[in-house]
Amino acid sequence: MEFWKAGEASEEETRAAYEKALELIDEAEFKSTLNEPEDELPAVLQINSGAGGTESQDWAEMLMRMYRMYGEKQGWTVTELDFQDGESAGIKSVTLQFDGPFAYGFLKAESGVHRLVRISPFDSNARRHTSFASVYVYPLIDDTIEIEVNPADIEWAFFRSGGAGGQNVNKVETAVRLTHKPSGIIVECQQARTQGENREKAMAMLKSRLYEEELRKREAIKNANNASKKKIEWGSQIRSYVFHPYKMIKDHRTGYETGNIQPVMDGELDGFIKAYLMSEKETA
C-alpha cells in the first residue's frame, strides 16, 4: 500500500508546474525578439483602403476596429490622430497612435497589405468580393533620437478638422497637412484643438517617418545579404482573411493560420504577431 508523504507533489501539480515552466521559457524566448532600441517606443499605425470603393473602405474600418481592440487588450492607450470617412461606408484612411510597453515592437509585424475575401454585404446579388487595405506602422520617436529637418523642405496646409460622420467639425482651420518635399512624405493631423498643437504633432510624426525610412534601408540591406532566408519583401501582401467559401485567416510570411476568425477580428492577434517575430529571429 502506498502512503502520501507530506511535501510530495501530486501528478496533477507536477504537470501544472511543468506546463507553467514551459510557458515561462516560451515567453522569455519571445521577449528576446524585441531587442531593437525602437521596439520599446510608441507606435503609429496608418490604414489606407485599397481600390474598390465601398468594399475596401468597409474593410479598412474593420481593420481599424481590430487594431483598436488589440491595443485595448494590451492595456495600451489608443489615440486617433487622423480620420477620413469613406464615401458611403467605412473609411478611406485612419492614423492611430498606440502608447504602451513595446507597442512598436509588437505592431511592426502588421505592416503590409491585408486581403479580405467575403460575400459582400453591399452586393444585392450576394457575390464574393476581394478587398485590400494597407497597414503601415512606424515608431514614434522621442527626444533621445535626433532627426534633423530643414524648415525650407516643408510645405504646410491647413484645413478644418472633422470627426467620423462629419461630427465635431471645427469652424477654424486647426487641422494640418505637412509635406516633406525631399521624401514626398505627407502627414496629416487633426487630433488636437489648436493648430499649433497639431503642427507640433505633425512634425513629430514626420521625424518618426524619416527614422522609419532609415530602418527600412537597414532592413533592405539585411534582406539582400540574407535573401535566401527571407520569405517576403517589405510591402508585400502579408495576410489573407477568407470568410467565404470557408473560414481561414493565414499569414503568408510564416504560414501561421486559424479557422477561428471572429476572435482575430476582435483583436486576438497574439498568435500571428508571435509567429512573425519568432520567424524574424530565426532569419536574423
Side-chain angles (χ1 to χ4, degrees), residues 41-54 56-72 76-100 103-104 107 110-111 133-143 145 147-213:
L41 297 174
V44 176
L45 181 147
Q46 183 175 357
I47 303 170
N48 291 293
S49 61
T54 300
S56 292
Q57 290 167 15
D58 186 57
W59 173 225
E61 186 172 38
M62 292 167 66
L63 288 174
M64 177 183 71
R65 174 183 177 274
M66 181 181 77
Y67 288 120
R68 278 188 177 277
M69 294 186 73
Y70 173 73
E72 290 165 0
W76 299 339
T77 300
V78 184
T79 306
E80 185 180 291
L81 302 180
D82 188 60
F83 184 99
Q84 293 187 35
D85 266 323
E87 292 161 358
S88 57
I91 60 172
K92 291 181 179 178
S93 68
V94 67
T95 304
L96 304 173
Q97 179 177 326
F98 296 81
D99 291 280
Y104 176 70
L107 286 171
E110 297 302 295
S111 276
S134 65
V135 175
Y136 178 47
V137 184
Y138 56 94
L140 187 63
I141 63 173
D142 54 25
D143 294 337
I145 301 174
I147 302 292
E148 294 295 330
V149 177
N150 186 346
D153 291 337
I154 295 175
E155 287 184 356
W156 292 96
F158 308 99
F159 55 98
R160 296 179 182 179
S161 64
Q167 301 296 315
N168 305 318
V169 177
N170 284 337
K171 296 181 179 180
V172 294
E173 295 181 334
T174 58
V176 304
R177 180 182 298 111
L178 176 160
T179 302
H180 185 245
K181 290 181 284 187
S183 65
I185 292 174
I186 298 174
V187 174
E188 294 187 356
C189 185
Q190 55 177 309
Q191 170 206 5
R193 294 178 178 271
T194 69
Q195 188 183 103
E197 290 175 302
N198 282 325
R199 283 174 64 108
E200 184 177 342
K201 187 68 175 181
M203 278 297 298
M205 292 167 66
L206 171 63
K207 290 181 178 180
S208 296
R209 289 281 299 273
L210 292 172
Y211 178 67
E212 193 270 344
E213 289 283 340

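Count residues from 1 along the sequence.
Residues Gln191 and Glu80 fail the side-chain proximity criterion, which asks for heavy atoms closer than 4.5 Å. Residues Met205 and Gln97 form no side-chain contact, since every pair of their non-hydrogen atoms from C-beta on lies 4.5 Å or further apart. Under the 4.5 Å side-chain criterion, counting only non-hydrogen atoms from C-beta, Asp82 is in contact with Gln84. Using a 4.5 Å heavy-atom threshold, the side chains of Tyr67 and Val78 count as separate. Side chains of Phe158 and Val176 form a contact here, defined as non-hydrogen atoms less than 4.5 Å apart. Looking at heavy atoms from C-beta onward, Thr194 lies out of side-chain contact with Thr174 at the 4.5 angstrom threshold. At least one side-chain heavy atom of Leu210 sits under 4.5 Å from a side-chain heavy atom of His180. Taking 4.5 Å as the limit, every side-chain heavy atom of Tyr138 sits out of range of all side-chain heavy atoms of Glu213.
With values rounded to the nearest 0.5 angstrom, Leu96 atom CG is found 8.5 Å from Thr79 atom OG1. Taking CG of Asp153 as the start and OG1 of Thr179 as the end, the distance is 12.0 Å to the nearest 0.5 Å. Taking OH of Tyr104 as the start and CG of Leu45 as the end, the distance is 11.0 Å to the nearest 0.5 Å. Taking CD1 of Ile141 as the reference point, atom CD of Glu212 lies at 11.5 Å (rounded to 0.5 Å). Between the CG atom of Asn48 and the CD1 atom of Ile91 there is a distance of 8.5 Å, given to the nearest 0.5 Å. Between Arg68 atom CZ and Phe98 atom CZ the span is 7.5 Å, to the nearest 0.5 Å.
Closest non-hydrogen pair, Ala192 versus Glu197, comes out as CB-CB, 3.4 Å. Summarising the geometry of Ser49 relative to Gln57, their closest heavy-atom pair is OG-CG, 3.5 Å, with the distance given to 0.1 Å. Pairing each heavy atom of Lys201 with each of Cys189, the nearest pair is CG-SG, 3.6 Å.
In terms of modelled atom types and a separation under 3.5 Å, the side chain of Ser56 and the main chain of Ala133 share no donor-acceptor contact. Of the possible polar contacts, one joining the Ser111 side chain to the Val137 backbone as a donor-acceptor pair under 3.5 Å is found. At distances below 3.5 Å, not a single donor-acceptor pair connects side-chain atoms of Thr95 with backbone N or O atoms of Gln46. Within the 3.5 Å criterion, the main-chain N or O of Ala60 finds no donor-acceptor partner in the side chain of Lys92.
Remark: Arg199 pairs with no residue by the salt bridge (charged side-chain N to carboxylate O under 4.0 Å, His left out) rule, at least two apart or across chains.
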* Please walk me through it: do Glu110 and Tyr70 pass side-chain hydrogen bond (donor to acceptor under 3.5 Å, both in side chains)? -> CA-CA 12 Å; Glu110 297 302 295; Tyr70 173 73; over 6 Å; no
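None of Ile154, Asn198, Ile147 except one satisfies the side chain to side chain contact (heavy atoms under 4.5 Å, CB included) rule with Met203; the exception is Ile154.
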